[in-house]
Amino acid sequence: MQNTGSERIGILILIPVLFGLWLVVTSLSEVVPGVGLYDGKRILELYLICLTLSLVLISSAARQKMAVLISAIPGWIRIHFLIFFGLGLSSALLTPNPAYPLLDVTMLYLLMVSSISIACVKQQYKNRFDQIVLVLVAMMGFGVIFQELVGLLVYLSTEQQFNYRESLFHFLHPRLYNQVQTWTIPLLALLPLVFNKYRWIGPLSLILIGAQWYILLSTGARGSTISLVSAMVLVGVILPRSRKLWVKTHISGFVLGAIFYMSAIGFLQAVQPDKTEFVSESIGRPMLHTSGRTDLWKHSIEDAIGNPMFGSGPMRYACDADHYIAGSPHSFPFQVMGEWGIPAFLVLGVLFAWLMYSWFRATKRNEQETIYGQAAISCLSISCFAAAIHVCVSGLLVAPSSQVAGMLVSGWLLGSLFNVSYDSTENRPPQYDAVFLLLLGFVASVSVLIFTSNELENLPFRTSYAQDYGPTTPRFWQDGRFCEYSF
């Protein structure tokens, strides 16, 4: 891949660096001691969002790029966005204790504005953005697999049985890293293309992809596996021209991952012949078992029927639910339907259909892209399609790690697809809308930071009684029931 030479180093380059470092550091260490893995990541995520919005807000070039992106959105779609968030806010205000419900709606808005902001940064730095993010994602992947191997050896040395529940120990649950993998695995095929001057990058990326598939197989991550395979098939059919640039890499990586996994089985059977949990807790799990999801979705439907207009209230599953299964229904569409109401669910469907239509049109406009450009759009599309599938059967938009990965990858795709420029200043759209969205987001992020900083003092107290509900049910905080109290 050749550099365009048009990128200029500036303060906005900190944004992809910080997002990538966030993923690396939080995946390999406990960065906020004494707070807990999940809650520490949440606090750092809020600081990251606040810094991102402030940097884009003070950059005239980034604001102009955001204004261009916003101007491309039809008026009727903007109205649907307003209706969607308006319904969410109305539902939150109707709850007895609206603080955390309002926080839930605000976080979704911050995720959206931050993704658009990252798109502007991608357009500003073009290929340099890609290089930075890919290097840091690769560092995260290698760091995690190294820790996994060390953990496996430690368990063997103490004659304990190793299975996925003991793995990925810098995540509250292995599934939270599997969600990050849904966003990031497709991108690894871009490494040999973006660093095509170095031949050793190709084999290295293949090993990394294989290692990530090994983790998916060893943790029995059905949602990530099905979502990734389905998205690859879908993008391969819709965008056949770029298929040859990534299909072989991912197929070879999957085969290598399967070899790694089978080798691990053989090794463990030789060392611990009487223990079989490694298999039974991974690919040996029942593939058709829903792990309680059908019950969660049933509760969402019941909430929607009982409160069709505004639902039971944002964060209902964590704050005021009559059932104690999970902090979210493990499906974003069901979550919106049950907590925000049926109208919000229908508006969400309209917005998703428009996003799909816009993506299809944009990919056709970008058919004349460079070889790397075509591959990048395909791999980023796989990531986002896989996430769209996965979010229907999991809490993909709940955990901070997945949210940070999602903002980064979706913004990257948005910036790659809709890179429109204006030669004449007279034709440039005004920045009013961009400034408003950024200012609103910045104020909201600062407010959330202040609120959560005050809440940190109360976490130990609410942890003590949240334990009475049984297993941890993460939502905004690690114990989602923190929000079930009166102000």
Side-chain angles (χ1 to χ4, degrees), residues 4-20 22 45-82 84-85 106-130 132-133 351 354-355 358-359 362 365-366 380 403-404 406-449:
T4 62
S6 61
E7 307 100 320
R8 292 182 299 174
I9 298 296
I11 193 171
L12 288 179
I13 201 68
L14 284 174
I15 293 177
V17 172
L18 291 175
F19 267 79
W22 192 101
E45 178 196 17
L46 295 174
Y47 277 106
L48 181 63
I49 290 174
C50 186
L51 181 60
T52 297
L53 297 180
S54 62
L55 290 177
V56 174
L57 183 60
I58 64 176
S59 170
S60 177
R63 292 198 309 270
Q64 187 60 60
K65 292 180 184 298
M66 181 175 286
V68 172
L69 287 173
I70 295 173
S71 68
I73 301 175
W76 66 277
I77 287 296
R78 298 189 202 185
I79 293 174
H80 276 74
F81 274 110
L82 287 173
F84 180 70
F85 283 104
T106 302
M107 282 300 298
L108 192 59
Y109 174 78
L110 291 177
L111 296 180
M112 181 187 73
V113 178
S114 297
S115 298
I116 300 174
S117 299
I118 290 173
C120 301
V121 178
K122 155 61 184 174
Q123 293 176 353
Q124 180 77 14
Y125 293 105
K126 299 181 174 65
N127 297 336
R128 185 172 284 119
F129 178 99
D130 301 19
I132 291 171
V133 174
L351 293 174
W354 173 77
L355 287 172
S358 300
W359 172 84
R365 288 198 305 266
N366 284 276
L380 288 164
Q403 289 181 350
V404 170
M407 288 185 282
L408 182 61
V409 175
S410 59
W412 186 356
L413 176 61
L414 181 62
S416 300
L417 283 176
F418 302 97
N419 193 5
V420 182
S421 60
Y422 288 85
D423 297 329
S424 173
T425 56
E426 297 179 358
N427 296 326
R428 292 178 181 175
Q431 299 183 13
Y432 307 130
D433 291 342
V435 171
F436 174 77
L437 288 179
L438 288 167
L439 268 177
L440 182 60
F442 177 72
V443 172
S445 63
V446 172
S447 301
V448 170
L449 265 174

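For Ser114 and Thr52, the side-chain atoms include no donor-acceptor pair closer than 3.5 Å.
With values rounded to the nearest 0.5 angstrom, Leu82 atom CG is found 11.5 Å from Ile77 atom CD1. Separating the OH atom in Tyr109 from the CG atom in Leu111 is a distance of 12.0 Å, to the nearest 0.5 Å. Atom-to-atom distance recorded for Ser117:OG and Leu57:CG is 9.0 Å, nearest 0.5 angstrom. Annotation: the span from Lys122 atom NZ to Ile132 atom CD1 amounts to 11.0 Å, rounded to 0.5 Å. A distance of 8.5 Å separates CG of Leu108 from CD of Gln403, quoted to the nearest 0.5 Å. Residue Leu438 holds its CG atom at 11.0 Å from CG of Asp433, rounded to the nearest 0.5 Å.
Of all heavy-atom pairs spanning Leu110 and Gly441, the tightest one is CD2-O, 3.3 Å. Considering every non-hydrogen atom in both Phe442 and Cys50, the closest pair reads CE1-SG, 3.8 Å. Scanning all heavy atoms of the two residues, the minimum distance from Phe418 to Ser358 falls at CZ-O, 3.8 Å. Closest approach of Leu414 to Gln123, counting heavy atoms only: O-NE2, 4.5 Å. The heavy-atom pair separating Ala434 from Ala67 by the smallest distance is CB-N, 3.8 Å. Listed here is the closest heavy atom pair of Leu12 and Leu55: CD2-O, 3.6 Å.
Using a 4.5 Å heavy-atom threshold, the side chains of Met107 and Leu46 count as touching. Side-chain contact between Ser54 and Leu51 is present, with heavy atoms from C-beta onward closer than 4.5 Å. With contacts defined as side-chain heavy-atom distances shorter than 4.5 Å, the pair Phe129/Ile15 does not qualify. Taking 4.5 Å as the limit, every side-chain heavy atom of Phe19 sits out of range of all side-chain heavy atoms of Val133.
Residues satisfying the side chain to side chain donor-acceptor pair (under 3.5 Å) test with Ser59, not counting sequence neighbours, are none. In this structure Gln431 satisfies the side chain to side chain donor-acceptor pair (under 3.5 Å) test together with Arg63, Gln64, sequence neighbours excluded.
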Review point. Between Trp22 and Tyr47, is a side-chain contact (heavy atoms from CB on, under 4.5 Å) present by the stated rule, with each step listed?
Key: CA-CA 11 Å; Trp22 192 101; Tyr47 277 106; over 6 Å; no
Exercise for review: Tell me, with the steps shown, if Ile70 and Tyr432 meet side-chain contact (heavy atoms from CB on, under 4.5 Å).
Suggested key: CA-CA 10 Å; Ile70 295 173; Tyr432 307 130; over 6 Å; no
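Ring geometry for Phe85 against Phe81 counts as parallel: the plane angle stays under 30°, on a 0 to 90° scale with 60° as the upper cut.
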